[in-house]
Student: 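The following block contains the structure, expressed as structure tokens.
Quick caveat, the model's predicted, so the values are computed rather than measured. Protein chains get the first letters and strands the later ones, always in sequence-line order, with residue 1 at the start of each.
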Amino acid sequence: MEPRDKTPAPAMGRVFCLIYIMEVNMSNGKKERYEDSHLYKVRHSTAHIMASAVLERFPNAKIAIGPAIDTGFYYDFDLPRALTPEDLKEIEARMRKLIKEHIPFEKKVITAEEGKQIFKDQPYKLELIEDLEKGQFDEHGNPVDEKPELSIYSSGNFIDLCRGPHVADTMEINPSAIKLLNVAGAYWRGDEKRPMLQRIYGTAWENPDDLKAYLDLLEEAKKRDHRKLGKELELFSSVEEVGSGLILWHPNGAKTRKIIEDYWRDEHEKADYDFVYTPHIGKAQLWETSGHLGFYKENMYSPIDIEGQEYYIKPMNCPFHVHIYKSRIRSYRELPVRFAEMGTVYRYERSGVLHGLLRVRGFTQDDAHHFCSPEQMPDEIDFVLNFCLDMLRAFGFVNFSAYLSTMPEKAVGDPERWKDAEAALEASLKRAGIAYEIDEGGGAFYGPKIDLKIKDALQREWQLSTIQFDFNLPDKFDLTYIGEDGEAHRPYMIHRALLGSLERFFGVLIEHYAGAFPVWLMPVQAMIIPIADRHIPYADEVYKKLRAAGLRVKLDDRSERMNAKIRDAEKQKIPYMLIIGDQEMENQQVSLRLRSGENPGVQSLEDFLSRAKQDIAAKI
RNA sequence: GCCCUCAUAGCUCAGUCGGUAGAGCACGUUCUUGGUAAGAACGGGGUCAUGGGUUCAAAUCCCAUUGAGGGCUCCA
């Protein structure tokens, strides 16, 4: 099956942070851990300065925690009223003023008693002290082994319970390299049952140039936002009347989706997958057996009554594929069996988590289930991992990393099989040369897994693919194959999604290419632009020839100026513009302009076609 | 689901102190027939998200609902 912890909604993954800094380059060319870097101290210290500024403005504010994060820092406050953008400006101005006062940061080790006295008006700090006193949790609520030393840092009038480290003095903070970004709600200690605090996010860098580079990157990310481009390029929409998290694919998006699906199908065909189709609903009993009603019910929609029987809309495809496997006796000779399906599933997601194409309620997984013998398992993993990487590479993703999640405390299945499976997964990752981290105990209860992450053009990481073992469903559905020995054996089952879901994959694709997809994926590949009406008959001839040659081409015969037509085509990111005027008509040529603004110029139709075909074949 | 913010023409947005609406783009018509990123004129288009309330009067103030955005939580 594909229980809850496999696939959050649309697609196995989430956006990680914008720039994921693991290491920082130092002036001597060496690298150091981010947590040990000066920048980390700068950010953490800037968070304190911010808290100090907030307390000046709201003397009764209750302060919670304020760590450095990958691209800056935040601090959580309990305030008498909601913060406004004006407040942020004001706070930021005060911070600059404070920084320029060259305030030193001073550390002092204290006892819990002293701490309780110092923070007697700060309930959140008192709670932290009590937890630290018990030696159980650090300031982020993470469990700790030893009873830690309590320390406070003071900077000017501001005192905070803090482990540090900090800069020695605000001189080390460049007041022109900080900026407050936004306010958001955040639960105290991330617990939705506890009070909602106001979190101020800010960013801080070593110098104004770095700050500017970061803000530019945020700008660039905004420009690439798939929701914005989806509207501009008429790729998809979702409307209130239909329902949130439900996607309408418009003709342009549908065209690209079909190309993706066709390619996917061809590759699976070549790789010995068998395609299957399965229904959108299934009886309650099916989901009872699979365990979904036990473990996944909160993500499933209410049942439908059909002649007194309960049916559920499918949140996953696995039980259906399992039944196809089960439809007759299987021999070891036909293993591995691979069933693939673009399966559309529906999952309940809380309204607040929905996000464009990246987190939706109805989506199509590029799903498949492999059934193999234990002996075949290492090869099968190798195969599926490489198949996955090739698939992603075809769409222009070349940087990968992975998480390998191993057996959790609560797990089904024989620990020996877990070990085998984990070893096979790890060996495959090594052979494929993928950098991976091990998430110890992070596997699903039914099997270990590999989650693959890709890096996009802005170096943002996205998790799309997942390859998972399942020791649960073969047992639940009593799957067998007849071995050489004539006995029934339990097959291994792997499920995998390469693109994740078409919705999410398309969203990532849009952002990766900023809508300017490679030619083979573009809904419209070439726009023919006649300069004057008298060129339309020849332009139409060109149009027909290119269409006949298999190019997706359009003719712009509006009574507009050529410049306007070029502008519109560029805005639609159409790769080739073929301009046709008197010269071209006379010599049976076209004048080629690219969406990059490059102008290869006048050429024969044949030359253009062979160029286009080359680009399409090269997937550029 | 929770906190905050938002919802005005197909799109992007303006609309002051409460006095029943504007721009640009897009669209339509006409003119224009041009050489590598916006030619011109005219025109159509709005129950100001929905439902209540306050008020002589609501796009504007209040409440609820729906949807969206930034986060949190969930997903892991």
Student: Under 4.0 Å, heavy atoms only, any strand: does A/E560 hit a base, just the sugar-phosphate, or nothing?
Tutor: base
Student: Please find the pair of heavy atoms, one from A/I69 and one from A/F73, that lie closest to each other, and give the distance.
Tutor: CG1-N, 3.6 Å
Student: Between A/Y201 and B/C72, is there a side-chain N or O to OP1/OP2 distance below 4.0 Å?
Tutor: yes
Student: Given B/U12, is OP1 or OP2 found less than 4.0 Å from the side-chain N or O atoms of A/K231?
Tutor: yes
Student: Can you tell me, in whole Å, how much space there is between the C1' of B/U32 and that of B/A38?
Tutor: 15 Å
Student: Have a look at A/G190 and say if it touches a base, only the backbone sugar-phosphate, or nothing, with a 4.0 Å heavy-atom cut-off.
Tutor: sugar-phosphate
Student: Rounded to whole angstroms, how far apart are NZ on A/K222 and P on B/G69?
Tutor: 14 Å
Student: Between A/N182 (CG) and B/C6 (P), how many Å, whole number?
Tutor: 15 Å
Student: Rounded to whole angstroms, how far apart are CZ on A/R347 and P on B/C74?
Tutor: 18 Å
Student: Quick check on contacts: within residues 583-598 of chain A, what sits under 4.0 Å from RNA chain B by heavy-atom distance?
Tutor: A/Q583, A/E584, A/S591, A/R593
Student: Please report whether the ring centroid of A/Y201 lies less than 6.0 Å from that of A/Y74.
Tutor: yes
Student: Do you know which two heavy atoms are closest between A/V360 and A/G356, and how far apart they sit?
Tutor: CG1-O, 3.1 Å
Student: Students often mix this up, so state it plainly: with edges at 30° and 60°, are the rings of A/H512 and A/F397 parallel, tilted or perpendicular?
Tutor: tilted
Student: Can a side-chain donor-acceptor contact be found between A/T406 and A/E440 if the only test is distance below 3.5 angstrom?
Tutor: yes
Student: Using the P atoms only, state how far B/C72 lies from B/A58, rounded to an integer number of Å.
Tutor: 41 Å
Student: Return the residues of residues 564-577 of chain A meeting this criterion: a heavy atom under 4.0 Å from some atom of RNA chain B. Order them by number, or give none.
Tutor: A/A564, A/I566, A/R567, A/E570
Student: In which ranges does RNA chain B form stems of 3 or more consecutive Watson-Crick or G-U pairs, distances under 3.5 Å?
Tutor: B:1-7 with B:66-72, B:10-13 with B:22-25, B:27-31 with B:39-43, B:49-53 with B:61-65
Student: Counting only side-chain nitrogens and oxygens, does A/H355 get under 4.0 Å of the OP1 or OP2 atom of B/G70?
Tutor: yes
Student: Want to settle it: does A/E240 or A/R350 sit nearer the 5' end of RNA chain B, counting the closest nucleotide to each?
Tutor: A/E240
Student: Answer with yes or no whether the side chains of A/D456 and A/W462 bring together a donor and an acceptor at under 3.5 Å.
Tutor: yes
Student: Is atom NZ of A/K89 surrounded by more than 12 heavy atoms (other residues, nucleotides or ligands) closer than 6.0 Å?
Tutor: no
Student: For A/A532, answer base if it contacts any base atom (sugar-phosphate contacts may also be present), sugar-phosphate if it contacts only those atoms, and nothing otherwise; contact means non-hydrogen atoms under 4.0 Å.
Tutor: base
Student: Ignoring hydrogens and angles, are the base of B/U32 and the side chain of A/S559 linked by a donor-acceptor pair under 3.5 Å?
Tutor: yes
Student: Show the numbers, then the answer: is there a ring pair (Phe, Tyr, Trp, His ring centres under 6.0 Å) between A/F506 and A/W249?
Tutor: CA-CA 11 Å; A/F506 192 41; A/W249 292 72; 5.2 Å; yes
Student: Whole Å only: how far is the CG atom of A/L88 from the P atom of B/C4?
Tutor: 16 Å
Student: What are the two closest non-hydrogen atoms of A/I450 and A/L429, and how far apart are they?
Tutor: CD1-CG, 3.8 Å
Student: Round to the nearest Å and state the distance from A/E349 atom CD to B/U73 atom C1'.
Tutor: 12 Å
Student: Measuring from the side chain of A/N563 (C-beta onward, heavy atoms only), which nucleotide among B/G70, B/C2, B/G39 has the closest atom?
Tutor: B/G39
Student: Report the nucleotide, chosen from B/A37, B/C72, B/C4, that has the shortest atom-to-atom distance to any side-chain atom of A/A82.
Tutor: B/C4
Student: Measure CG/A/D556 against P/B/G35 and give the value in whole Å, please.
Tutor: 16 Å
Student: If the C1' atom of B/A59 is compared with that of B/U50, how far apart are they to the nearest Å?
Tutor: 14 Å
Student: Determine the interplanar angle of the A/F471 and A/F469 rings, folded into 0 to 90°, and report it as parallel if under 30°, tilted if 30 to 60°, perpendicular if over 60°.
Tutor: tilted
Student: Would you indicate which nucleotide in B/C75, B/C72, B/G1 comes nearest to any side-chain atom of A/R359?
Tutor: B/C75
Student: Taking atom P in both B/C13 and B/U8, compute the distance separating them and give it to the nearest angstrom.
Tutor: 9 Å
Student: Give a yes-or-no answer on whether the side chains of A/R593 and A/Y576 include a donor-acceptor pair shorter than 3.5 Å.
Tutor: no
Student: Rounding to an integer number of angstrom, what distance separates B/U60 and B/A26 when you compare their C1' atoms?
Tutor: 28 Å
Student: A/Y214 vs A/W205 aromatic rings, parallel, tilted or perpendicular, using cut-offs 30° and 60°?
Tutor: tilted
Student: I need the CG-P distance between A/D225 and B/A68, as an integer number of Å.
Tutor: 14 Å
Student: Below 3.5 Å, does any donor atom in the side chain of A/Y187 face an acceptor in the base of B/G1, or the other way round?
Tutor: yes
Student: Which whole number of Å gives the distance between the P atom of B/U5 and that of B/G39?
Tutor: 43 Å
Student: Take atom P in B/G35 and the same atom in B/C25, then report the distance between them in whole Å.
Tutor: 22 Å
Student: More 5' along RNA chain B: A/R558 or A/M562, using each one's nearest nucleotide?
Tutor: A/R558
Student: In whole angstrom, give me the gap between the C1' atoms of B/G18 and B/A41.
Tutor: 38 Å
Student: Considering every strand and a 4.0 Å limit on heavy-atom distances, what is the contact class for A/D582: base, sugar-phosphate, or nothing?
Tutor: base
Student: Could you state the CE-C1' distance from A/M196 to B/U5, rounded to the nearest angstrom?
Tutor: 14 Å
Student: Heavy-atom count around A/E234 CD within 6.0 Å, excluding the residue itself: above 12?
Tutor: no
Student: Verify, without hydrogens or angle tests, whether A/Q122 (side chain) and A/I63 (backbone) share a donor-acceptor contact under 3.5 angstrom.
Tutor: yes
